[in-house]
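To keep things clear, I will list the structure first and then write my remarks on it.
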Protein chains: 2
Amino acid sequence: MAKRTFICGLDAAITVMGGKWKGLILFSLGEGTRRFGELRRAVPGISERMLILQLREMEASGLVHREVFHQVPPKVEYSLTEFGASLNAAMGPLGAWGEENMARIEAIP
Amino acid sequence: MAKRTFICGLDAAITVMGGKWKGLILFSLGEGTRRFGELRRAVPGISERMLILQLREMEASGLVHREVFHQVPPKVEYSLTEFGASLNAAMGPLGAWGEENMARIEAIP
DNA sequence: ATTCATCCTTACAAAAGTGTGAGTACCGAA
DNA sequence: TTCGGTACTCACACTTTTGTAAGGATGAAT
């Protein structure tokens, strides 16, 4: 994180949610455990590289649990930790707000 | 915005809240009308340039209202629109989450 | 021997975001 | 005449984030 002190809770939350993908990944994992490839399809537009980078960061933050199955072809499952689930819950109202106001947001130019 | 379609409400919300400052500005304005200089002091670490850029974007998004008083020295007041206030309300739980988990977030490395 | 599927990894480059420092305009006060 | 206070504006450079394209490792199926 490289940032020691936050000026308020929102500041802290934004720090762990930074970037344009983490919210979507969190949202998708909020619906249940997902394999890497499933996640990639669930988050349209994300590249494999970005997905991995974000997942690694979220794992390091304790939001996401990663479980490897030693098979061929490989299988890796991602799921939310309790911490991640609590964040997902806290994002709920924001998602609902976006849903309600989506038309207005899309019109912004 | 240059982005036509969102994959979910969270996606849309993150688009208007993008960057590291808008959340803090919104939070600060949520407490009441502020002058430019007051905002600058309320958001420690932000540069004048960044503050203006963010305020202009938020004004364009319809989140913030800007009122100029033609005086010397100049006076400009910023306040939330209803739209901004509704977003601020939706951010409440996220801020509370950050508040509760701040110690853990600060420890992330 | 070749292909296939999955989950990555690497090197490179482009784009977005952020910071710095200077300068402007106004008028009253010293 | 110079200074102070407020709210900007501009040019530039730097940092972070994001994207692109290619390749690797494995073993079963063809």
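In what follows, chains carry the letters A, B, and so on, assigned in the order in which the sequence lines appear, proteins first and then strands, with residues in each chain numbered from 1.
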Within the structure shown, what part of the strands sits under 4.0 Å from [X] by heavy-atom distance: base, sugar-phosphate, or nothing?
| X | result |
| --- | --- |
| A/Arg56 | sugar-phosphate |
| A/Arg35 | sugar-phosphate |
| A/Phe69 | nothing |
| B/Arg66 | sugar-phosphate |
| B/Glu48 | base |

ask   = Can we say B/Glu48 and B/Arg40 salt-bridge, meaning some charged N sits less than 4.0 Å from an Asp/Glu carboxylate O?
value = yes
key: Lys/Arg N to Asp/Glu carboxylate O, A/Glu77 vs A/Lys75, below 4.0 Å   = yes
From [atom1] of [X] over to [atom2] of [N], roughly how many Å is that when rounded to an integer?
| X | N | atom1 | atom2 | answer |
| --- | --- | --- | --- | --- |
| A/Glu77 | C/dC7 | CD | C1' | 13 Å |
| B/Leu53 | C/dA16 | CG | C1' | 12 Å |
| A/Glu57 | D/dT17 | CD | P | 7 Å |
| B/Glu38 | D/dT6 | CD | P | 10 Å |
| B/Met50 | D/dT9 | CE | P | 14 Å |
| B/Leu51 | C/dG17 | CG | C1' | 16 Å |
| A/Phe36 | D/dT26 | CZ | P | 19 Å |
| B/Lys22 | C/dT18 | NZ | C1' | 12 Å |

From C-beta outward on [X], which listed nucleotide comes closest to its side chain: [options]?
| X | options | value |
| --- | --- | --- |
| B/Val72 | C/dC7, D/dC8, C/dC26 | C/dC26 |
| A/Lys20 | C/dT6, C/dG19, D/dG19 | D/dG19 |
| A/Pro73 | C/dA5, D/dT6, D/dT18 | C/dA5 |

ask   = Hey, is the side chain of B/Lys75 poking within less than 4.0 Å of OP1 or OP2 on D/dC8, counting only N and O atoms?
value = no
query = Should the heavy atoms of other residues, nucleotides or ligands under 6.0 Å from CD of B/Glu82 be counted, would the total exceed 12?
reply = no
note = Of B/Gly37 and A/Trp21, the one whose closest nucleotide on DNA chain D sits nearer the 5' end is B/Gly37
ask   = Regarding B/Arg34 and B/Tyr78, is there a side-chain donor-to-acceptor distance under 3.5 Å anywhere?
value = no
ask   = Of B/Ile46 and A/Arg40, whose nearest nucleotide on DNA chain C comes first from the 5' end?
value = A/Arg40
key: Check: A/Arg49 side chain, D/dT20 base, donor-acceptor under 3.5 Å   = yes
ask   = Where do A/Trp97 and B/Phe83 land on the ring pair (Phe, Tyr, Trp, His ring centres under 6.0 Å) test, with the steps shown first?
value = CA-CA 10 Å; A/Trp97 180 90; B/Phe83 190 47; 5.2 Å; yes
